[in-house]
Amino acid sequence: MGVIEKYRDRLPVTASTPALTLGEGNTPLIRSERLSAKLGVELYFKFEGANPTGSFKDRGMVVAVAKAVEEGAQGIVCASTGNTAASCAAYAARAGIPAVVLHPAGAIAAAKQAQARAVGARVLEVRGSFDDALRSCQELAGRSSFALVNSVNPYRIEGQKTAAFEVIEQLGRVPDVLALPYGGGGNTVAYAKGFAEAGASLRIVSSQAAERAVTLASAIRIAEPAHLDEVAELVGEGRVEVVTVSDDEITDAWLEVASLEGVFCEPSSAAGVAALAHVELGPGSTVVCVLTGHGLKDTGAIEALTPATTVVEPTLDAILAEVANA
Ligand code: F0G
């Protein structure tokens, strides 16, 4: 059961909203063994990489695309660092409408672009940043019958908030802390909304890259967050804490999640885990880190950040010699 069907009563959908789904949501909540012990907390990973297109974007996208179809849009358009584009393209194909996606030229992970191309989206590489691409999309959507499906579209936030409901359902209680990456801030705003609607109060730790415009975590390479004002308001109300982490901290957290837990996410997704070192965590408290995208999204990062493979002769001696070196 997808997000629209499962959470129908908590979403702005009607009988005339198409029952669009690729089976999004219901992603695993994985208990961390080793990092829990290291941090002295009960840590869980909400593995949003298990969504149909491999990122958290599918929850909000399914609602945004269904509403665009309901409202008579001819197609959909988005700007993206890759994941939004992959999700937008897939749900457009599913809904039978065209998708146009814009991304910064040469600056997104290859697998994400492949996803958008595979399902038939028109992929345009903009000579500029993500922020430039978003401005162009807003203009295009303003002048055409194409709906903008970036997270400034409120239906994206509505669908995305279901992740907060799911965390509570899966844990059987409200966590003390939820940590997640902060790119444009849509996901942060959505979790805050979802928990508030569920009557839950907790600490939300939103983790941004120190060097936003050039971080190695390409998914969150965003200099001007679209939801900056809303996030600032949530900070002012004491509902969100913004933490800044370096690329080295993101990389270390990403490697730890992979090698200590066997959970493979993309580098940006580990920003929330990296932020845990910057906040006071009560001993034994329950902490959920949202891992926003699958590791297979960004295999280029693996080339850069992990040891190379070794080519060996297919003989026992050669193999044993290498294994002994390991
Ligand atoms: N993690 C991943 C894997 C992302 O792709 C993004 C955003 C974020 C975290 C940040 O989420 O923007 O809601 O604060 N990706 C967008 C995209 C920008 O185009 O795919 P946010």
Side-chain angles (χ1 to χ4, degrees), residues 27 45-51 53-61 64 77-90 99 101-104 107-109 111-113 115-116 121 123 126 129-134 137 148-153 156-157 159-161 163 178-194 204-209 212-213 215-228 230-231 234 240 242-243 245 250 253-254 257 264-275 289-298 301:
T27 56
F45 302 117
K46 180 63 173 158
F47 189 50
E48 289 286 276
N51 274 299
T53 75
S55 87
F56 74 100
K57 306 285 182 179
D58 294 343
R59 291 176 187 276
M61 193 59 71
V77 60
C78 73
S80 183
T81 56
N83 283 324
T84 299
S87 184
C88 158
V101 306
L102 274 67
H103 64 75
I108 74 164
K112 298 175 185 177
Q113 192 183 79
Q115 286 182 283
V123 180
V126 174
S129 65
F130 166 82
D131 307 287
D132 296 324
L134 181 57
C137 278
L148 182 70
V149 294
N150 280 97
S151 65
V152 291
N153 177 329
R156 282 278 312 279
I157 304 297
Q160 189 58 44
K161 75 183 180 188
L178 180 113
L180 78 172
Y182 173 17
N187 208 16
T188 300
V189 168
Y191 272 96
K193 185 167 202 286
I204 297 176
V205 176
S206 191
S207 179
Q208 64 182 352
R212 275 184 163 273
T215 173
L216 71 86
S218 64
I220 55 172
R221 200 177 286 151
I222 296 173
E224 304 164 46
H227 298 273
L228 185 70
E230 288 154 279
V231 172
L234 289 165
V240 166
V242 174
V243 166
V245 294
I250 293 175
W254 173 69
V257 171
F264 182 34
C265 63
E266 61 175 291
S268 316
S269 299
V273 180
C289 282
V290 184
L291 302 181
T292 45
H294 201 289
L296 291 173
K297 288 277 195 175
D298 194 356

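Just the heavy atoms: all of them, side chains too, but no hydrogens, waters or symmetry mates, feed the values below. One-based numbering, in listed order, for ligands and for the atoms of each. For this chain, numbers begin at 1 and follow the sequence in order.
Side-chain atoms of Gln208 and Arg212 form a donor-acceptor pair, as typed in the model, at a separation below 3.5 Å. In summary, the side chains of Lys57 and Gln160 do not present any donor paired with an acceptor at a separation below 3.5 Å, with no hydrogens or angles considered. Checking His227 against Thr188 by side-chain atom types alone, no donor-acceptor pair falls below 3.5 Å.
Of the candidates Asn83, Thr27, Thr292, Glu48 forms a side chain to side chain donor-acceptor pair (under 3.5 Å) with just one, namely Thr27.
Remark: ligand 1 and Thr81 share an N or O pair separated by less than 3.5 Å (distance only, no angle test). The shortest N/O to N/O separation between Phe56 and ligand 1 does not fall below 3.5 Å. Looking at ligand 1, you'll find an N or O of Thr84 within less than 3.5 Å of one of its N or O atoms. Backbone and side-chain nitrogen or oxygen atoms of Gly186 are examined, and one is located within less than 3.5 angstrom of a nitrogen or oxygen of ligand 1. At under 3.5 Å, not a single nitrogen or oxygen of Ile220, backbone or side chain, sits near a nitrogen or oxygen of ligand 1. Between Thr292 and ligand 1, at least one pair of N/O atoms sits closer than 3.5 Å. Between Ser80 and ligand 1, an N or O atom pair is found at a separation short of 3.5 Å. For ligand 1, none of its N or O atoms has an N or O atom of Tyr182 under 3.5 Å away. Among the atoms of Lys57, some N or O lies under 3.5 angstrom from an N or O of ligand 1. Polar contact with ligand 1: absent for Ile222 (N/O pair, distance under 3.5 Å).
Close contacts between ligand 1 and Asn83 involve ligand atoms 2 (C), 3 (C), 4 (C), 5 (O), 20 (O) [criterion: under 4.0 Å to a heavy atom]. The ligand atoms of ligand 1 that sit less than 4.0 angstrom from a heavy atom of Asn187 are 13 (O). Those atoms of ligand 1 with a heavy atom of Ala219 less than 4.0 angstrom away are 2 (C), 3 (C), 4 (C), 5 (O), 6 (C), 7 (C), 15 (N), 18 (C).
Distance from atom 12 (O) of ligand 1 to its nearest protein heavy atom, with residue and atom name: Gly184 N, 2.7 Å.
Looking at heavy atoms from C-beta onward, Asp132 lies out of side-chain contact with Leu134 at the 4.5 angstrom threshold. Residues Thr81 and Ser218 fail the side-chain proximity criterion, which asks for heavy atoms closer than 4.5 Å. Looking at Leu180 and Ile204, their side chains come closer than 4.5 Å, going by heavy atoms from C-beta outward.
By the criterion of a heavy-atom distance under 4.0 Å, the side chain of Glu266, and not its backbone, is placed next to ligand 1.
Between Lys193 and Glu230 no salt bridge is recorded (no basic side-chain N to carboxylate O distance below 4.0 Å).
Under the side chain to side chain contact (heavy atoms under 4.5 Å, CB included) criterion, Ala116 pairs with Ala89, Val101, Ala121, Val123, sequence neighbours left out. Checked against ring pair (Phe, Tyr, Trp, His ring centres under 6.0 Å), His294 has the following partners two or more places apart in sequence or in another chain: Phe47.
The shell of residues lying under 4.0 angstrom from ligand 1, judged by heavy atoms, includes Gly185.
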